[in-house]
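Right, one structure below, let's go through it.
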Amino acid sequence: MSELSHRSDVEFLEGRNPPLVERNADEFLRIRNMLAEADEPAERAEKKTHWQGEGSRHYEARVAEARKLVNELAEGYGKAASALRGYAFALTTAQAYGRGFDNDLSNAREAMR
C-alpha cells in the first residue's frame with residue numbers, strides 16, 4: 001500500500017473534532033448521573049409503599065420494572081460516555097499522527113525539489 005493510498009484511508013479524521021466528542025461524553029455522563037439520582041426515590045416507591053388492593057401487585061411489578069429500566073439506562077449512558085472519551089482520545093492521537101505524516105510528506109517533497 002502506498003503512502004498516498006494510506007493517507008486517503010484516514011483523511012476523514014481531519015474533519016472530526018475531539019472537543020465536540022468530549023462535550024457529548026460530558027452530556028452522556030450528565031444524563032447518567034440524573035438517572036442514577038432517580039434510583040433512591042424509585043427504590044422508596046418500590047419498597048416502602050404498602051397498600052392492599054386490586055392493583056397493588058400490578059403497581060409493585062411496574063415500579064420494579066421502571067426502576068430496573070432506569071438503572072439499565074444509567075449504565076448504558078455511562079458506558080457510552082466512556083466510549084466517547086476513548087474515541088476522543090483516539091481521534092486526537094490519530095490526528096497528531098496525521099499531522100506528523102503531512103509534515104513528513106511536505107519535507108520529503110521539499111527535499112526532492
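As a basis for the values below, the full set of heavy atoms in this structure was taken, side chains included, without hydrogen atoms, waters or symmetry mates. Numbers for residues simply follow the sequence, beginning at 1.
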Counterpart residues, side chain to side chain contact (heavy atoms under 4.5 Å, CB included), relative to [X] (two or more places apart):
X: Ala81; result: Phe28, Leu29
X: Leu20; result: Asn17, Arg23
X: Glu27; result: Arg30, Ile31
X: Val70; result: Leu35, Ala38

task = Taking salt bridge (charged side-chain N to carboxylate O under 4.0 Å, His left out) as the test, write out the residues that go with Arg85, two or more places apart.
result = Glu22, Asp26
query = Which residue pairs pass the salt bridge (charged side-chain N to carboxylate O under 4.0 Å, His left out) test when at least one of the two sits in residues 35-49, sequence neighbours left out?
reply =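 Non-adjacent pairs meeting salt bridge (charged side-chain N to carboxylate O under 4.0 Å, His left out): Asp39-Arg67, Glu40-Arg44, Glu43-Lys47, Glu43-Arg67, Glu46-Arg67.
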key: Residue pair Arg32 / Ala74: nearest heavy atoms and the distance that separates them   = CG-O, 3.0 Å
request  = Please check if the side chain of Thr92 supplies one atom and the backbone of Ala88 the other of a donor-acceptor pair under 3.5 Å.
outcome  = yes
Side chains of residues 53-60: which donor-acceptor partners sit under 3.5 Å, not counting sequence neighbours?
from, atom 1, to, atom 2, distance (Å)
Ser56, OG, Gly53, O, 3.2
Tyr59, OH, Ala45, O, 3.4

note = By side chain to side chain donor-acceptor pair (under 3.5 Å), Glu75 pairs with (sequence neighbours left out) Lys79
